[in-house]
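Comments concern the structure below.
Proteins get letters first, then strands, A, B, ... in listed order; numbering begins at 1 in each.
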Number of protein chains: 2
Amino acid sequence: MKALRTESRPPADTRPKGRVRRRQEGAILKAAERVFARAGFEGGTMAEIAALAGLPKANLHYYFGSKDELYRAVLDNILSLWLAETEVITRDADPARALTAYVTAKMHLTATRPDASRVFANEVIHGATRIGDFLRSELHGLVAQRAAVIDHWATEGRIAPVDATHLFFTIWAATQTYADFESQVCAVLGKARLGQADLARATTHVVTITLRSCGLEPAGPPHTSLQ
Amino acid sequence: MKALRTESRPPADTRPKGRVRRRQEGAILKAAERVFARAGFEGGTMAEIAALAGLPKANLHYYFGSKDELYRAVLDNILSLWLAETEVITRDADPARALTAYVTAKMHLTATRPDASRVFANEVIHGATRIGDFLRSELHGLVAQRAAVIDHWATEGRIAPVDATHLFFTIWAATQTYADFESQVCAVLGKARLGQADLARATTHVVTITLRSCGLEPAGPPHTSLQ
DNA sequence: CCGGAACCTGACTGTATGGTCAATTTTTAC
DNA sequence: GTAAAAATTGACCATACAGTCAGGTTCCGG
């Protein structure tokens, strides 16, 4: 939850959250995620977010002091999503199963919360100034751990040797591309939007290439879950 | 070159380009690419670009009518880069060699022109409104062609069957991540910037997983060109 | 049902920024 | 060498936008 805490003022953190507050903040955050995803931090306006949330603009400033604070709250909200799902990667797990589960979960996230992915991507592209600490601590540590597990699999001969850290970069890139670069994917596929079938196909593909990267083949018949 | 021609006014295209004009436009485009890469279209300011190019702001408006026109020029400049390099993928080529060459070229571009990659990424994330036509025509056609070649390789049994179109998505994502998400990669690797060694390692990795995705192994000894 | 706290909001303001323009200097062509 | 074309530039707008605030309304414990 409170993954991000770079340099905001210490007070105001223990605000009492009433019923109304929680509801309104939720609506604002949802609208903000959408707007920031579409236009970025600079491009999205408070008025736009307010309109989408069905509130007067001054209300946003009541709940979140400034645009920057609101943006940070959106990011904060998103970051927790990024950490989850890696717990399937353990020494004792079956590599094929674990990797399949991880990639599938990532793809599910991409399909479910594309705007979250886009806000995150936008922030990172522009230098990740607001989430640098998070990336350097939590994410760095997490990757080190999981990469060690994958290396361990390799030394035991259960998978072909791979650059485990870079494998994570590749998996993230391959999955998030279906959210961040959706327009491009759609244009190339000749579709207006990505349907469930497209995402299922994408998932199968990414799982396949991930497993093959480790010298494995997908369990069960190929193309298990089309549609 | 003039890949982008969505809806700008027909005249002004055949402007006579003098010596001075060419030089100044070049400087402005270079500065603009940098600024737009760092801050996006909305975030980057004309004043900032002017300062970086060492010119008064009014000068930018003399050469490029508006901020939007300048941005389009930057994109236009970049798009041609995206099309190149696929010509190595032909029916008669050796799959391993061709794919290695293609991925290597893509990685080289990423390493050489990271700002170009970031501007492009930014545009696509935000809906690719300005380059939609390009993606739907040129890129779409190109991918269809090359995907057919890869499928052909598969039917001849020279590679394992893959989803060729999605393979392109994956290659693009995997390579561009080292430009677009450099901050994240750096944070996870615990470095301040990506050095040549890092990029060499990344290249080896992406080549490996691309080949393995097609059921191939890298030619020659692994880790050929570290450094 | 009362008093205080939380919540709401229309009408403002200051400022950053894209864009204009007329006056001047530099370049180019003959 | 000269006149026209191209290039330069400081000073100047108009607007869009984040942020403010005072005065109101609703909520809630006692």
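Spacing between atom CZ of Arg23(B) and atom P of dT26(C) amounts to 14 Å, rounded to whole angstrom units. Between the P atom of dT20(C) and the CD atom of Glu69(B) lies a distance of 10 Å, rounded to the nearest Å. The distance between atom CE of Met46(B) and atom P of dG19(C), rounded to the nearest whole Å, is 6 Å. Atom CZ of Phe64(B) and atom P of dA6(D) are 17 Å apart (whole Å). A straight line from CG of Asn59(A) to P of dC7(C) spans 10 Å, rounded to a whole angstrom. As rounded to whole Å, 13 Å separates atom P of dG10(C) from atom CG of Leu60(A). In this entry the distance linking CD1 of Ile49(B) with P of dG19(C) reads 11 Å, nearest Å. Distance, Gln24(B) CD to dT9(D) C1': 13 Å, rounded to whole Å.
In the set dT17(C), dA18(D), dT20(D), dT20(D) carries the atom at the smallest distance from any side-chain atom of Ala58(A). Residue His61(B) places its side chain closer to dT20(C) than to any other of dT20(C), dA18(D), dG10(D). Closest contact between the side chain of Pro56(A) and the listed nucleotides dG10(C), dT17(C), dC7(C) involves dG10(C).
Taking all atoms of both residues into account, the shortest heavy-atom contact from Asn122(A) to Gly40(A) is ND2-CA, 3.5 Å. Closest of all the heavy-atom pairs between Tyr178(A) and Ala202(A) is CZ-CB, 3.4 Å. The two residues Lys67(A) and Phe41(A) come nearest to each other via the heavy atoms NZ-O, 2.8 Å.
Residue contacts shown for Gly43(B) are absent, as no nucleic acid heavy atom lies under 4.0 Å away.
Contact of Lys57(B) with dG18(C) (side chain to base): a donor-acceptor pair of N or O atoms is detected under 3.5 Å.
For dT8(D), neither phosphate oxygen OP1 nor OP2 lies less than 4.0 angstrom from any side-chain nitrogen or oxygen of Tyr62(B). Listed pair Tyr63(A) / dA6(C) fails the phosphate criterion, with no side-chain N or O lying under 4.0 Å from OP1 or OP2. Checking the phosphate oxygens (OP1, OP2) of dA6(C), no side-chain nitrogen or oxygen of Arg21(A) falls inside 4.0 Å.
Each of Val119(B), Leu29(B), Asp115(B) was evaluated against Ile78(B); a single residue qualifies, Val119(B), per the side chain to side chain contact (heavy atoms under 4.5 Å, CB included) test. Of the residues Thr177(A), Leu167(A), Val143(A), the one that meets the side chain to side chain contact (heavy atoms under 4.5 Å, CB included) test with Trp172(A) is Val143(A).
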